[in-house]
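I have placed the structure first, in the form of structure tokens, so that the comments after it can refer back to it.
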Amino acid sequence: MTSHTSPVTEGTGAAERMAADLAALLAARHNIPTVTNVDTDTVLLSVYTGLTVRIDGTRVYWREPDPHHRRKWPRRMVYLTVERAAERLADHYKQLTEIPLGELLANGIVLGRNRDYREQDARPSTMAGEEPPCS
């Protein structure tokens, strides 16, 4: 079920259409419900606890879940089509739903405190799989 929690603004029309298409694909092909929230220039699509997708009208992006803390840096997933994004999101959704909620809470996944990098990767500057430069 997709719900819109704020009105479409002029700058988010393409992003909202893309988000609606992605939500429809996730629901129809993978039986994954989503919640949509329109921000100033992006649309946020909540897929599952710890899995929030941002859509800006030209690309779909999110931080790949790392519930077992195997990577030092977050991996950003960036897709230009909703079809490919939906397939990858379905994999991530399955991965997260197989972990008991208590474990997600204990690892900080639910509250977003599982890493020191927090939201520094909110806007993608690299393509999926590329690591950010060391500082």
Side-chain angles (χ1 to χ4, degrees):
M1 177 175 138
T2 302
S3 66
H4 298 281
T5 56
S6 59
V8 180
T9 61
E10 189 173 304
T12 61
E16 187 164 14
R17 283 189 296 278
M18 211 171 174
D21 291 346
L22 179 58
L25 278 173
L26 288 169
R29 292 186 186 167
H30 305 285
N31 196 28
I32 298 173
T34 59
V35 176
T36 305
N37 187 0
V38 179
D39 201 0
T40 53
D41 60 348
T42 60
V43 176
L44 304 177
L45 190 69
S46 177
V47 178
Y48 191 73
T49 300
L51 185 56
T52 301
V53 179
R54 290 171 173 81
I55 301 138
D56 64 9
T58 59
R59 52 191 177 175
V60 178
Y61 53 99
W62 65 94
R63 185 173 56 204
E64 182 179 35
D66 184 21
H68 303 293
H69 309 291
R70 293 190 176 123
R71 287 185 301 277
K72 183 176 179 179
W73 293 100
R75 179 192 251 169
R76 295 178 206 127
M77 307 306 295
V78 181
Y79 289 92
L80 301 178
T81 66
V82 294
E83 292 81 9
R84 294 199 55 203
E87 294 301 318
R88 191 65 176 130
L89 281 166
D91 292 340
H92 291 161
Y93 178 84
K94 182 177 184 228
Q95 174 191 10
L96 288 172
T97 57
E98 290 174 347
I99 300 170
L101 187 56
E103 186 177 330
L104 290 175
L105 281 166
N107 287 329
I109 302 299
V110 173
L111 302 175
R113 291 186 284 188
N114 62 324
R115 295 282 193 198
D116 289 334
Y117 48 75
R118 306 233 198 291
E119 289 300 318
Q120 73 185 23
D121 64 324
R123 295 241 179 236
S125 57
T126 58
M127 294 303 288
E130 292 183 12
E131 297 296 328
C134 296
S135 46

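Nothing here was measured: the structure is a model prediction, and the numbers come from that model.
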For the student: nearest non-hydrogen atoms of Ile55 and Ala15, plus distance: O-CB, 3.5 Å
Stepwise side chain to side chain contact (heavy atoms under 4.5 Å, CB included) check, Met18 with Val43: CA-CA 9 Å; Met18 211 171 174; Val43 176; over 6 Å; no
Atom pair CZ (Arg63) and OG1 (Thr52), whose distance is rounded to the nearest 0.5 Å: 9.0 Å
Gap separating the CG atom of Leu22 from the OG1 atom of Thr81, nearest 0.5 angstrom: 9.5 Å
Inter-residue atom distance Leu89.CG - Leu51.CG, 0.5 Å rounding: 5.5 Å
Pairwise distance OH(Tyr61) to OG1(Thr42) - rounded to 0.5 angstrom: 5.5 Å
For the student: nearest non-hydrogen atoms of Ala23 and Leu45, plus distance: CB-CD1, 4.2 Å
Parallel, tilted or perpendicular: rings of Tyr48 and Tyr93 (30°, 60°): perpendicular
From CD1 (Ile99) to OG1 (Thr49), nearest 0.5 Å: 11.5 Å
Atom pair CZ (Arg29) and CD (Glu87), whose distance is rounded to the nearest 0.5 Å: 6.0 Å
Side chain to side chain contact (heavy atoms under 4.5 Å, CB included) assessment of Arg54 paired with Leu44: CA-CA 5 Å; Arg54 290 171 173 81; Leu44 304 177; 3.4 Å; yes
Side chain to side chain contact (heavy atoms under 4.5 Å, CB included) between Asp91 and Arg88, worked out: CA-CA 5 Å; Asp91 292 340; Arg88 191 65 176 130; 3.6 Å; yes
